[in-house]
Colleague: 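Following this message is one structure expressed as structure tokens.
Heads up: numbering here begins at 1 and tracks the sequence.
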Amino acid sequence: MTPVLHPAWPLLLVATLTFRALRRALCRLPLPAHVRTDPLRTWRWHNLLVSFTHSIVSGIWALLCLWQTPEMLVEMETAWSLSGYLLVCFSAGYFIHDTVDIVISRQTRASWEYLVHHVMAIGAFFSGIFWRSFVGAGVLTLLVEVSNIFLTFRMMMKINNAQDLLLYKVNKYVNLVMYFVFRLAPQVYLTKFFLQYAGQRNLGGFLLSILLMLDVMILIYFSRLLRSDFCPEPVSNRKHKDKFLTE
């Protein structure tokens with residue numbers, strides 16, 4: 001069946017509209033004092049609330065998928081489960097929603113790194129959605145959402161000027177551990193797999209190119225995280241403080 005007529009389109013549409021509805025619902029929640037006075041912070045806060053929700057759901061879902069279908073860790077191209085397939089559709093819907101949200105909110109310039117990431121993620125997930133190949137690899141990549149739970153929580157506390165709280169200081173160490181376990185380690189494992197095996201095939205070569213670009217982005221984000229939380233600069237010397245990616 002051609003991608004144009006593929007039955008996955010309704011799933012993607014439902015997932016995207018679900019996140020749109022979630023954002024509208026979350027906008028009704030009261031805002032912290034440091035957030036409500038700044039329109040940019042308000043938008044960031046709502047955007048991060050949706051991201052936080054997606055990370056919790058998809059991170060736990062990815063762990064359950066790998067527990068239920070452990071062969072996904074080995075047969076990343078051919079291993080398949082309905083739960084894993086729906087997870088990939090669910091997360092693709094989130095990335096579509098977030099891309100649209102950034103564009104219509106006129107945050108494209110400040111958030112271009114996220115847009116690049118989202119386009120690459122959507123392209124990679126579509127291989128699993130429309131060709132049912134590498135669903136296992138897609139599920140494995142979504143382990144990163146476990147790390148994103150703590151990373152997004154950190155960003156929300158920074159937007160709320162809560163860096164002096166004990167909770168922030170504890171979270172920054174937990175976040176560092178989670179970054180290693182659920183972001184760097186799976187990425188190294190996936191890169192090794194695609195270099196040794198999937199890179200020999202056309203679709204595998206396409207996914208390998210995306211993976212290598214994501215490797216570079218992840219290392220850049222990691223260096224920013226270390227610099228921001230463990231080697232911070234004076235506030236007066238920081239640049240681009242309106243950037244969406246809060247360091």
Colleague: In Å and rounded to the nearest 0.5 Å, what is the CG to CZ distance from Leu49 to Phe52?
Modeller: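 Nearest 0.5 Å value for the CG-CZ distance: 8.5 Å.
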
Colleague: What are the two closest heavy atoms between Ala15 and Cys89, and how far apart are they?
Modeller: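 Taking Ala15 first and Cys89 second, the nearest heavy atoms are CB-O, 3.8 Å.
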
Colleague: Kindly indicate whether the side chain of Val74, heavy atoms from C-beta on, has any atom under 4.5 Å from the side chain of Phe193.
Modeller: no

Colleague: Can you measure from OG1 (Thr99) to NE2 (His117) and round to the nearest 0.5 angstrom?
Modeller: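 Thr99 OG1 to His117 NE2: 10.0 Å, rounded to 0.5 Å.
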
Colleague: Which is it for Lys158 and Ser228 under the side chain to side chain contact (heavy atoms under 4.5 Å, CB included) test, yes or no, and what are the steps along the way?
Modeller: CA-CA 11 Å; Lys158 291 197 74 170; Ser228 177; 3.0 Å; yes

Colleague: Same cluster for Met213 and Trp112 if Ile/Leu/Val/Met/Phe/Trp/Tyr side chains link at under 4.5 Å?
Modeller: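 Shared cluster, yes.
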
Colleague: Identify the heavy atoms of Leu31 and Arg36 that sit nearest to each other, and give their distance.
Modeller: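 Heavy atoms only, the tightest pair is O-NH2, 2.6 Å.
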
Colleague: Would you call the rings of His97 and Tyr94 parallel, tilted or perpendicular, where under 30° means parallel and over 60° means perpendicular?
Modeller: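 Judged by the thresholds at 30° and 60°, the geometry between His97 and Tyr94 is tilted.
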
Colleague: Of all the heavy-atom pairs spanning Val139 and Cys65, show the shortest one and how long it is.
Modeller: CG1-CB, 3.8 Å

Colleague: Are His46 and Arg23 close enough that some pair of their side-chain heavy atoms sits under 4.5 Å apart?
Modeller: yes

Colleague: Can you find a pair of side-chain heavy atoms, one from Tyr221 and one from Arg224, that are under 4.5 Å apart?
Modeller: yes

Colleague: Can you tell me if Tyr179 uses its side chain to pair, donor with acceptor, with the backbone of Leu151 under 3.5 Å?
Modeller: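 Checked: no pair found.
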
Colleague: Can you give me the closest heavy-atom contact between Ile159 and His34, atom names plus distance?
Modeller: O-CB, 4.4 Å

Colleague: Say whether Leu73 and Leu64 are linked into one hydrophobic cluster, either directly or through other cluster members, by side-chain heavy-atom distances under 4.5 angstrom.
Modeller: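 Cluster IDs for Leu73 and Leu64 match.
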
Colleague: Examine the side chains of Asp229 and Tyr168 and answer whether a donor and an acceptor come within less than 3.5 Å of each other.
Modeller: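 On atom types as modelled, these side chains qualify, holding a pair under 3.5 Å.
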
Colleague: Before giving the answer on side chain to side chain contact (heavy atoms under 4.5 Å, CB included), spell out for Phe153 and Leu167 the whole-Å C-alpha distance, their side-chain angles and the decisive distance to 0.1 Å.
Modeller: CA-CA 10 Å; Phe153 186 56; Leu167 181 60; 3.5 Å; yes

Colleague: Kindly compute the distance separating CZ (Arg44) from OG (Ser105), expressed to the nearest 0.5 Å.
Modeller: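 Nearest 0.5 Å value for the CZ-OG distance: 12.5 Å.
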
Colleague: Hey, would you say the Phe134 and Phe194 ring centroids sit under 6.0 Å apart?
Modeller: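 Yes, the ring centres sit under 6.0 Å apart.
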
Colleague: Compare every heavy atom of Pro186 with every heavy atom of Val181, then report the nearest pair and how far apart it is.
Modeller: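 Nearest pair, atom of Val181 first, then Pro186: O-CD, 3.2 Å.
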
Colleague: Answer with yes or no whether the hydrophobic clustering places Val116 together with Ile218; edges join I, L, V, M, F, W, Y residues whose side-chain heavy atoms lie under 4.5 Å apart.
Modeller: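 Yes.
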
Colleague: Just by distance, do the side chain of Thr42 and the backbone of Val35 share a donor-acceptor pair under 3.5 Å?
Modeller: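 Yes.
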
Colleague: With a 4.5 Å limit on heavy-atom distance, are the side chains of Leu190 and Met76 in contact?
Modeller: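 Yes, their side chains come closer than 4.5 Å.
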
Colleague: Which distance, rounded to the nearest 0.5 Å, do you find between the CG of Leu143 and the CG of Asn148?
Modeller: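 So the CG of Leu143 and the CG of Asn148 are separated by 11.5 Å.
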
Colleague: Indicate yes or no: at least one non-hydrogen side-chain atom of Asp98 is less than 4.5 angstrom from one of Val50.
Modeller: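 With C-beta onward as the side chain, the pair stays apart.
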
Colleague: Would you indicate whether the side-chain heavy atoms of Val170 and Leu166 approach each other to under 4.5 Å?
Modeller: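 A side-chain contact under 4.5 Å exists here.
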
Colleague: Where do Asp215 and Gln187 land on the side chain to side chain contact (heavy atoms under 4.5 Å, CB included) test, with the steps shown first?
Modeller: CA-CA 7 Å; Asp215 287 346; Gln187 199 73 12; 2.8 Å; yes

Colleague: So, taking the atom named CG in Leu82 and the one named OG1 in Thr69, what distance separates them when rounded to the nearest 0.5 Å?
Modeller: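 OG1 of Thr69 is found 10.0 Å from CG of Leu82.
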
Colleague: Do Asn171 side-chain atoms and Phe150 backbone N/O form a donor-acceptor pair below 3.5 Å?
Modeller: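 Yes; judged by distance alone, with no hydrogens or angles, the pair exists.
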
Colleague: Taking atom CZ of Arg109 as the centre, report whether more than 12 heavy atoms of other residues, nucleotides or ligands fall under 6.0 Å from it.
Modeller: no

Colleague: For Ser55 and Thr152, which heavy atoms make the closest approach, and how far apart are they?
Modeller: OG-OG1, 4.4 Å

Colleague: I'd like to know whether the aromatic ring centres of Phe95 and Phe19 sit less than 6.0 Å apart in this structure.
Modeller: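 Between Phe95 and Phe19, the centre distance exceeds or equals 6.0 Å.
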
Colleague: Assert yes or no for the condition that the ring centre distance of Phe125 to Phe90 is strictly below 6.0 Å.
Modeller: no

Colleague: Are the side chains of Thr16 and Val100 in touch, meaning some heavy atoms are under 4.5 Å apart?
Modeller: no

Colleague: Are Leu87 and Val14 connected into the same hydrophobic cluster when the rule is that any two of I, L, V, M, F, W, Y join if their side-chain heavy atoms are below 4.5 Å apart?
Modeller: no

Colleague: Does some side-chain heavy atom of Thr141 sit less than 4.5 Å from a side-chain heavy atom of Leu214?
Modeller: no

Colleague: I'd like to know if the side chain of Ser58 and the backbone of His54 have a donor-acceptor N/O pair within less than 3.5 Å.
Modeller: yes

Colleague: What's the verdict on side chain to side chain contact (heavy atoms under 4.5 Å, CB included) for Met157 and Gln163, showing C-alpha distance, side-chain angles and the deciding distance?
Modeller: CA-CA 7 Å; Met157 284 192 287; Gln163 297 97 312; over 6 Å; no

Colleague: Which label fits Trp9 and Phe130: parallel for a plane angle under 30°, tilted from 30 to 60°, or perpendicular past 60°?
Modeller: tilted

Colleague: Please report whether the ring centroid of Tyr173 lies less than 6.0 Å from that of Phe230.
Modeller: yes

Colleague: Can you hop from Met217 to Ile102 via hydrophobic side chains spaced under 4.5 Å?
Modeller: yes

Colleague: Within this structure, what is the CZ-CG distance for the pair Phe182 and Leu142, rounded to the nearest 0.5 Å?
Modeller: 13.0 Å

